Amino acid sequence: MEEVSNFLTEIIDEDIATGFSEQIHTRFPPEPNGYLHIGSAKAIFINWSISKKYNGLFNLRYDDTNPVKEDTEYVDSIWEDIRWLTGEEPSGGVYYGSDYFEKCYECAVALIRDGKAYVCDLTHEEVRAYRGTLTTPGKNSPYRDRTPEENLQLFQAMRDGKFPDGSRILRAKIDMASPNMNMRDPAIYRIVRAHHHRQGNAWCIYPLYDFAHPIQDALEGITHSLCSIEFENHRPLYEWVVDNCPLPHHPKQREFARLNVTNTVMSKRYLRELVETQKVEGWDDPRMPTLCALRRRGYTPNAILNFVQRAGIAKANSLVDIRLLEHCIREELNETALRRMAITEPIKMVITNYSEDETEVFSVSNNPQDASAGTREIPFSRELYIEKSDFALVPPPKFQRLKPDGEVRLMGAYIVRCNEVITDENGEVVELRCTADLETGNGMPVDGRKVRGTIHWVSAPTAIDASIYLYNNLFSLENTNDVPEGTNYLDYLNPDSLKRLDGCKLEPSVAEVPVGTRMQFVRMGYFIKDAEDNRYNRIVTLKDSFAKTMQK
RNA sequence: UGGGGCGUAGCCAAGUGGUAAGGCACGGGACUUUGACUCCCGCAUUCGCUGGUUCAAGUCCAGCCGUCCCAGCCA
């Protein structure tokens with residue numbers, strides 16, 4: 001992967017030049033409330049790759065300050081996905097925001113002592129009313145001028161569980177007239193009696209993101225807290241916390257635009273709903289944009305990282321074409337994937353000049369791009385299967401595959417001529433009777449004639465029957481633009497987006513391929529064999545310019 | 001309409017006063033034992049708009065337009 005260079009690295013270069021920071025330290029702070037997806041990969045990539053570039057450190061920190069949304073299932077999956085994506089454990093360590101609750105409490109107490117925070121008894125509704133609107137300033141809470149002593153006592157009582165949930169909050173005393181809504185005396189602690197996945201019932205008060213995050217960053221020695229752009233409005237508050245709390249270190253927050261991908265639902269809320277309502281099989285359903293689903297489909301970490309980098313890192317909102325992602329995985333698999341032949345929609349081909357009890361093996365390259373991938377032996381016999389779409393009874397112009405009385409190369413084997421087409425009562429082609437050019441073998445025609453097309457095939461007696469799941473623009477909407485405003489995205493999922501195809505024929509050497517080996521689905525795409533249930537999931541479609549031509 | 005961010009090709013994106021990189025997509029051609037891959041060629045007289053400064057403006061200034069974010073005791 002190329003070294004990253006963007007407006008963020010420019011900021012860091014300058015910080016190093018001016019002595020603001022020496023060793024660069026970044027972090028990725030997911031809330032464990034869902035699985036990581038392709039959008040998360042951008043935040044991981046930015047923070048992680050920058051730590052690598054500067055020989056710095058990279059922390060994984062679970063931002064688990066809201067007990068009602070978080071779960072250990074997500075903690076585990078996040079760790080696994082990050083390890084997979086970056087190929088290593090976070091160099092700076094793995095942390096939990098909740099481990100700093102005591103420190104957060106101390107900071108809050110310090111703010112109270114300094115008269116910079118107060119306990120507010122206003123109800124939710126009152127708080128909202130006092131906050132004002134975008135265009136009108138807020139009003140000071142009547143509790144704003146409580147003495148530090150009184151606040152200290154009340155805050156302690158909050159911690160001791162003397163007050164019911166939601167009855168009081170601790171607020172930072174900043175400016176109720178600030179044009180930035182985040183600065184209008186934001187809540188920094190709330191009362192919630194909920195089981196925390198790590199702290200259990202040790203706490204009934206929890207710090208809010210805006211308060212906890214800068215503290216976590218500072219305690220971990222983070223130099224650059226790189227987050228997505230919706231937090232730009234929070235930066236003044238981030239700095240306020242860092243400046244006003246007794247912290248050992250001043251991290252710097254900078255922001256970048258989130259990643260959006262065409263026809264892809266990226267909101268964790270919707271993804272969770274898809275799983276919970278069982279519209280998909282799970283978080284790793286191949287239609288999902290999650291990292292575990294992409295992994296299952298055979299996407300590699302490198303392809304995903306490459307995609308994120310090529311999509312660009314800037315501050316402008318963007319909607320990146322999913323074809324760029326597909327390009328990235330195709331590019332990599334083209335070099336690395338072992339090829340295997342498979343037939344999705346079989347029609348039988350009988351080689352009439354090849355005797356029934358005869359059989360031979362052809363040696364075929366595992367990867368034409370890479371001789372070191374070796375070869376494999378595949379059996380050839382009188383009865384074969386070929387792809388239905390590789391034969392045309394009435395060939396369109398420029399059709400290079402097989403047609404009546406036409407010739408075609410069976411990949412790695414003989415050139416065959418179609419002599420007879422057998423159809424059923426509906427006119428469907430069920431069998432082709434062909435003769436092979438046995439003289440030529442797996443070589444060029446001895447008489448020098450030109451045979452344009454090459455198609456894939458599988459020997460019938462040894463073919464492995466399989467079911468394959470095909471997806472059609474996974475996890476996607478048919479057309480995002482068609483979704484009326486305010487409509488639940490889930491209603492617009494393409495019902496045909498995951499289709500099981502039975503009766504597929506795979507070449508026998510597939511059985512010997514180690515689990516996880518990628519297979520090129522000839523002319524169709526790449527597949528990965530699933531270790532658990534022996535499913536084959538299609539991942540990326542190769543380009544078929546003939547199909548494209550036909551569409552015109 | 002308060003504040004902040006962002007507008008460069010169909011989609012991303014570089015560009016920091018000196019005459020518009022690159023990738024994806026797309027179109028054309030060559031090659032090919034998978035119509036893939038690979039390789040060539042093409043693809044912004046112009047940078048949201050309008051003025052201004054300058055020998056010179058995508059870059060500086062002013063005004064306007066568009067778009068995204070903020071009124072959770074979510075992150």
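Values reported hereafter were calculated over all heavy atoms of this structure, with side chains retained and with hydrogens, waters and symmetry mates removed. The structure presented is a predicted model; accordingly, all values stated were derived computationally and were not measured. Sequence lines set the chain letters: A, B, ... in the order given, protein chains first and strands last, and positions in each chain run from 1.
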Does the gap between the ring centers of A/Tyr238 and A/His234 come in under 6.0 Å?
-> no
Residue A/Phe546, side-chain heavy atoms: nucleotide from B/rA25, B/rG35, B/rU33 that is nearest | B/rG35
A/Asp63 has its side chain closest, among B/rA75, B/rC73, B/rC37, to B/rA75
In plain terms, say whether A/Arg452 and A/Glu407 are close enough for a salt bridge, that is, a side-chain N and a carboxylate O under 4.0 Å apart.
-> no
With heavy atoms under 4.0 Å as the rule, sort A/Asn442 into base, sugar-phosphate or nothing.
-> base
Can you check the A/Glu126 CD to B/rA71 P distance for me, whole Å?
-> 20 Å
Is a donor-acceptor pair below 3.5 Å formed from side chain A/Asn233 to base B/rC69, judging by atom type as modelled?
-> yes
Could you tell me the separation between the CZ atom of A/Arg452 and the P atom of B/rG35, rounded to a whole number of Å?
-> 9 Å
Whole-Å distance, A/Glu230 CD to B/rC68 P, equals 15 Å
If a stem is a run of at least 3 consecutive Watson-Crick or G-U pairs, both distances under 3.5 Å, which stems include RNA chain B?
-> B:2-7 with B:65-70, B:10-12 with B:22-24, B:26-30 with B:38-42, B:48-52 with B:60-64
Report yes if at least one side-chain N or O of A/Ser318 is closer than 4.0 Å to OP1 or OP2 of B/rC11; otherwise report no.
-> no
From the list B/rA71, B/rA14, B/rG35, which nucleotide is the closest neighbour of the side chain of A/Ala314?
-> B/rA14
What distance, rounded to whole Å, do you find between the two P atoms, one in B/rC60 and one in B/rC47?
-> 15 Å
Among B/rC37, B/rG7, B/rA71, which nucleotide sits nearest the side chain of A/Ala316?
-> B/rG7
Side chain A/Glu31, main chain A/Asp64, donor-acceptor under 3.5 Å | no
A/Thr136 or A/Arg131: which one's nearest nucleotide on RNA chain B is closer to the 5' end?
-> A/Thr136
Say whether, by atom type as modelled, one donor and one acceptor occur between the side chain of A/Ser49 and the main chain of A/Phe45 under 3.5 angstrom.
-> yes
A/His196 ring center within less than 6.0 Å of A/Phe101 ring center = yes
Ignoring hydrogens and angles, tell me if any N or O in the side chain of A/Arg339 forms a donor-acceptor pair with the backbone of A/Ala337 under 3.5 Å.
-> yes
Rounded to whole angstrom units, what separation is found between the OH atom of A/Tyr238 and the P atom of B/rG4?
-> 22 Å
Provide, to the nearest angstrom, the distance between the CZ atom belonging to A/Phe231 and the P atom belonging to B/rG72.
-> 16 Å
Which nucleotide, B/rG7, B/rG2, B/rA75, lies nearest any side-chain atom of A/Glu31?
-> B/rA75
Are any of A/His124's side-chain N or O atoms less than 4.0 Å away from OP1 or OP2 of B/rC73?
-> no
The residue, A/Asn180 or A/Gln400, whose nearest nucleotide of RNA chain B is more 5′ is A/Asn180
Please state whether the base of B/rA75 and the side chain of A/His234 form at least one donor-acceptor pair under 3.5 Å?
-> yes
Between A/Asp165 and A/Arg193, is there a donor-acceptor pair closer than 3.5 Å when you use the side chain of the first and the backbone of the second?
-> yes
Decide, for B/rG10, between syn and anti: a glycosidic angle within 90° of 0 counts as syn, anything else as anti.
-> anti
Taking CG from A/Leu208 and P from B/rC73, how many angstroms apart are they, rounded to a whole number?
-> 7 Å
Sugar-phosphate only, base, or nothing, as touched by A/Glu10 at under 4.0 Å among non-hydrogen atoms | base
Considering only side-chain heavy atoms of A/Asn66, which listed nucleotide, B/rU33, B/rA13, B/rC74, is closest?
-> B/rC74
Which nucleotide in B/rG4, B/rC68, B/rC24 has an atom nearest any side-chain atom of A/Asn317 | B/rC68
Check: B/rG22 base within 3.5 Å donor-acceptor of A/Arg310 side chain = no
Have a look at A/Ile222 and tell me which of A/Asn47, A/Asp217, A/Thr26 forms a side chain to side chain contact (heavy atoms under 4.5 Å, CB included) with it.
-> A/Asp217
Between CD of A/Gln253 and C1' of B/rG4 the distance, given in whole Å, is 13 Å
For the side chain of A/Lys398, starting at C-beta, report the closest nucleotide among B/rC37, B/rG35, B/rA25.
-> B/rG35
Which listed nucleotide (B/rU33, B/rA75, B/rG2) is nearest to the side chain of A/Pro179?
-> B/rG2
From the options B/rC73, B/rA71, B/rC37, select the nucleotide whose nearest atom is closest to the side chain of A/Thr133.
-> B/rA71
Starting at atom CZ of A/Arg190, determine the distance to atom P of B/rC73, rounded to an integer number of angstrom.
-> 10 Å
So, A/Asp390 side chain and A/Ile455 main chain: donor-acceptor pair closer than 3.5 Å or not?
-> no
